[in-house]
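Written out below as structure tokens is the structure these notes cover.
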Amino acid sequence: FTLFLILTYLVLPVTSGKIFSVFRCETYDYGGGTERHFLVVDHQIECFDEPFGGDHNQTYGWLAVYATIQIFIYPIGIPALYTFLLWEARGMLATDELLEAKS
């Protein structure tokens, strides 16, 4: 269990960064008022305002949906897990000596 906590602690920042990179798009001006938006981490994938709108490739739409689900698992879920585990262990962590020193 300790190995699991260490692993999630180490993986959290990198994984969170990768997840949020799905929403970073770069705009290119094609002249004549035409702009196109591409994913910063992969310029072959075109971003657009409506993930499943228009005649665009559906790749970005599915990436956005998957990344949104993953946000609830990693950047929100892992800290929530730590909060829950600390809350459950609060009785063990709050010894009499700590409580007396706080008073």
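Hydrogens, waters and symmetry mates play no part in the numbers below; they use all other heavy atoms, side chains included.
Among residues at least two apart or in separate chains, there is no disulfide (SG to SG under 2.5 Å) pair with a member in residues 63-94. Within the structure, the side chain to side chain donor-acceptor pair (under 3.5 Å) test picks out the following pairs touching residues 77-94 (sequence neighbours left out): Thr8-Tyr82. For the salt bridge (Lys or Arg N to Asp or Glu O under 4.0 Å) condition, the pairs that include at least one residue of residues 25-45, sequence neighbours left out, are Arg36-Glu46.
Contacts of Ile6 classified as side chain to side chain contact (heavy atoms under 4.5 Å, CB included), with partners at least two apart in sequence or in another chain: Thr2, Leu10.
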>> Evaluate Leu81 against Phe4 for side-chain contact (heavy atoms from CB on, under 4.5 Å), listing each step before the verdict.
In response: CA-CA 12 Å; Leu81 172 68; Phe4 171 75; 3.7 Å; yes
>> Before you tell me yes or no, could you show the steps for Tyr60 and Cys25 under side-chain contact (heavy atoms from CB on, under 4.5 Å), namely the whole-Å CA-CA distance, both residues' side-chain angles and the distance that decides it to 0.1 Å?
In response: CA-CA 11 Å; Tyr60 180 71; Cys25 297; 4.1 Å; yes
If you look only at distance, which donor and acceptor atoms sit under 3.5 Å apart when one is on a side chain in residues 14-21 and the other is two or more places apart or in another chain?
unit_1, atom_1, unit_2, atom_2, d
Thr15, OG1, Val11, O, 2.8
Ser16, OG, Leu12, O, 2.8
Ser21, OG, Lys18, O, 2.6

Sequence neighbours excluded and cut-off under 3.5 Å, please list the side-chain donor-acceptor pairs for residues 65-72, or say none.
unit_1, atom_1, unit_2, atom_2, d
Thr68, OG1, Ala64, O, 2.7

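Residues Val41 and Val22 have side chains not in contact (no heavy-atom distance under 4.5 Å, counting atoms from C-beta outward).
Remark: Phe84 CZ to Leu86 CG distance equals 11.0 Å, nearest 0.5 Å. Leu5 CG to Leu85 CG: the interatomic distance, rounded to the nearest 0.5 Å, is 6.0 Å.
Open room surrounds OH on Tyr9; 12 or fewer heavy atoms of other groups in view lie less than 6.0 Å from it.
Residue Tyr28 belongs to a hydrophobic cluster whose other members are Tyr30, Phe38, with links defined by side-chain heavy atoms closer than 4.5 Å.
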